[in-house]
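Values below: every heavy atom of this structure, side chains too, minus hydrogens, waters and symmetry copies.
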Amino acid sequence: MRSVPTHTDAPESAHDVIVLGVTASDAHAVANQLIAHGLRAQGYTVINLGVCTPVAEFALAVRENPGVLAVVVGSLNGHAYEDLCDLPAARAAGDLACPVILGGNLSVGSRKDPGALDRLRRLGVDHLLSELSDLAPLLRELARQAARSRQLQTI
Amino acid sequence: MNRDMHRFTDAPTGPGPAFPSVAETVHFARTRGTPTVRDVLARSVQNAVVAIQPRCGVGGHAEMRQLLRALDTGARPDVLTLTIDSHTRLNRFAHAARLAGTDPSALNGYPLVAHGWQRGRELVESVSAPVEIRHGSPDPRLLFDVAVAAGATSFEGGGISYNLPYCKDVPLAHSLACWREVDAMTGDLRRAGLTLDRELFGTLTGVLTPPSISLAIGVIEAALAAAEGVGCLSLSYPQGGHLAQDVAALRAIPVLAARYLPADVEVYPVLHEFMGVFPGQRAHAEQLIFYGALTARLGGAAKLVTKTYQEALGVPDAQANIDGMRLAAVANSPLLDFVTVDTERVEEELDWLLAEVDDLVAPVLGAADPARAVTAAFADGTLDIPFSASRYARGDVLPCRDASGAIRYAVAGALPLSPAAVARHRSGLGLADGPHSMRTLVDRVTHDIHHFLHLFREIEP
């Protein structure tokens with residue numbers, strides 16, 4: 001059991017589950033841990049797969065936890081494209097049906113090439129974030145959409 | 001999912017050159033005319049002059065020898081280093097060997113197992129300072145054999161400190177068992193007449209490491225090592241950047257050693273110059289390096305492991321490494337006797353710190369099977385590290401800096417600290433009045449990770 005959080009942030013979506021992790025070749029733990037702390041403070045249930053997570057491990061976590069709102073993938077070492085090259089095959093096999101969000105430092109070099117982002121979209125990444133502050137509003141929007149589609153299904 | 005911890009481990013590729021006998025290894029170390037690392041540490045404490053050691057490791061053998069010789073002649077360090085590449089750390093020896101043959105510059109350290117103990121000995125023989133092996137391996141058994149055969153007289157790491165910051169998926173019970181073998185072999189060598197230094201990696205993830213966690217893990221690893229017969233231990237602590245806190249942490253090490261370790265075990269305090277986000281501008285980086293060296297002097301460190309002004313850019317070149325050591329050595333000057341530290345503040349920090357370390361280590365070291373108690377304690381959060389890369393530590397702890405820059409626990413998780421200690425930490429952070437906003441706290445931790453960039457105004461507040 002995790003300790004009871006001693007913080008005041010009101011849960012916004014207490015039941016939404018986020019799968020979080022860092023790409024396969026990337027061992028940057030600090031930002032990942034901070035994002036996990038931050039998402040839990042916002043009321044999400046976070047399954048944090050941590051550093052060095054291959055696509056297959058993200059897929060397994062989504063399979064084992066029905067109703068995952070989104071998969072949030074971080075990549076800081078510039079190898080996002082190589083690390084996610086199994087994503088199209090996984091999705092073709094029916095895995096990772098929920099939205100996949102990717103953020104961080106997404107390609108090598110300090111000058112960013114817009115073509116690199118297109119390549120990541122073609123792999124099947126649904127949302128590319130350049131700023132961490134964009135994550136919370138995006139997840140809120142995805143939660144609203146998920147709630148709406150659940151309502152439609154019950155009508 | 002494949003959770004086999006040996007999935008990256010290469011199968012043995014056939015017999016390498018036979019290792020020298022223990023007697024030959026001992027004879028080599030004792031007769032080659034240079035001190036062992038332990039000799040250097042003992043001399044350094046006796047003379048109250050901090051020993052200086054760089055970090056260095058490149059993939060190619062000729063390049064490594066050239067680098068060691070350049071550092072040796074350029075700065076006359078007291079101890080030299082072979083930093084090992086990350087494939088070797090994960091026992092991917094065939095992979096390391098392939099790269100060593102085709103593209104050694106792609107390796108982020110020296111692949112000692114791939115190059116073999118004879119080349120290792122060539123390196124040791126090419127310099128006048130004794131050599132330590134620094135790596136980050138949860139299972140270092142083969143690396144240790146090669147290192148000892150090569151003539152290295154210090155070997156860094158431990159079953160906790162070389163697992164949790166480096167690996168995602170290696171059970172603590174496994175790394176502790178591997179390191180127990182290394183410690184037992186160190187004990188065998190001691191009985192055969194060679195006392196190796198075993199340095200414990202208290203730096204951990206290197207980011208806002210709370211002093212009581214660093215020291216508690218060091219003391220636990222030291223007690224486990226001493227139980228296997230290790231006779232010389234270096235407890236390293238990472239410079240946090242707050243002088244009184246850092247000096248107190250260094251001065252705590254001999255006190256803790258007297259409390260928890262057998263009297264016949266030598267224990268040396270070691271400071272690692274700041275390991276977090278380093279200033280990018282040379283002038284700022286050099287101020288931080290000099291500040292670290294002064295901290296080591298005032299804290300009574302036996303040894304200082306240095307950084308360079310190129311730290312923010314990546315692996316430094318030889319000249320930057322030499323410049324970093326020479327700058328650090330300036331802090332050893334007898335002219336600097338006028339530099340003192342606020343004794344009252346240090347004493348206050350020291351009292352609290354010793355009490356915290358006692359709270360953390362006593363349940364583990366009091367257990368019938370301390371190694372098993374370590375694994376259980378990390379599972380239930382009564383031992384923990386912030387920003388753990390491993391799933392075998394919970395990472396519930398969250399450190400921040402108080403207004404004076406000292407590192408305090410904003411969230412102590414399930415650590416068994418006294419209520420008074422937790423209250424002191426939280427009030428120091430302005431969090432005494434009850435619950436905090438985690439979102440605000442995450443922003444604050446992020447700010448504190450970049451502390452020195454803010455201090456030197458390299459980034460906006």
Colleague: To the nearest 0.5 Å, what is the distance between NE2 (A:His37) and CZ (B:Phe387)?
Modeller: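 Reported to 0.5 Å precision, the distance equals 7.0 Å.
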Colleague: Look at A:Leu49, A:Val22, A:Asn32, A:Leu132 and state which one has the largest set of heavy-atom pairs under 4.5 Å with chain B.
Modeller: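 Option with the top pair count is A:Leu49.
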Colleague: Is it the side chain or the backbone of B:Ser390 that comes within 4.5 Å of chain A heavy atoms, both, or neither?
Modeller: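 Neither part.
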Colleague: Side chain, backbone, both or neither: which part of B:Ile449 has a heavy atom under 4.5 Å from chain A?
Modeller: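 Looking at B:Ile449, just its side chain touches chain A.
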Colleague: Run the side-chain contact (heavy atoms from CB on, under 4.5 Å) check on A:Thr53 and B:Lys168 step by step: do they pass?
Modeller: CA-CA 9 Å; A:Thr53 301; B:Lys168 170 174 173 171; 2.6 Å; yes
Colleague: Applying salt bridge (Lys or Arg N to Asp or Glu O under 4.0 Å), can you list everything that pairs with B:Arg408, at least two apart in sequence or on another chain?
Modeller: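 Once residues adjacent in sequence are excluded, the partners of B:Arg408 under the salt bridge (Lys or Arg N to Asp or Glu O under 4.0 Å) criterion are B:Glu349, B:Asp402.
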Colleague: Measure distances from B:Leu441 to the heavy atoms of chain A and classify the residue's part below 4.5 Å as side chain, backbone, both or neither.
Modeller: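 Looking at B:Leu441, nothing touches chain A.
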Colleague: Distance from B:Arg391 atom CZ to A:Asn48 atom CG, nearest 0.5 Å?
Modeller: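 The CZ atom of B:Arg391 sits 9.5 Å away from the CG atom of A:Asn48.
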Colleague: Taking B:Pro386's backbone N and O only, do any of them form a donor-acceptor pair with A:Gln33's side chain (distance below 3.5 Å, no angle check)?
Modeller: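 No, the answer is negative, given that no donor and acceptor are paired below the 3.5 Å cut-off.
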Colleague: For B:Thr209, which residues count as a side chain to side chain contact (heavy atoms under 4.5 Å, CB included) partner, sequence neighbours excluded?
Modeller: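 Per chain and number, B:Thr209 pairs via side chain to side chain contact (heavy atoms under 4.5 Å, CB included) with B:Leu204, B:Ser214, B:Pro238.
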Colleague: Report yes if some heavy atom in the side chain of B:Leu398 is under 4.5 Å from a heavy atom in the side chain of A:Leu34; otherwise report no.
Modeller: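 Sidechains of A:Leu34 and B:Leu398: in contact.
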Colleague: How far apart are the closest heavy atoms of A:Ala29 and B:Ser388, and which atoms are they?
Modeller: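 In terms of heavy atoms, the two residues are closest at CB-O, 4.1 Å.
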Colleague: Among the options B:Val442, B:Val445, B:Asp443, pick out the one with the most heavy-atom pairs lying under 4.5 Å from chain A.
Modeller: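 Option with the greatest count: B:Val442.
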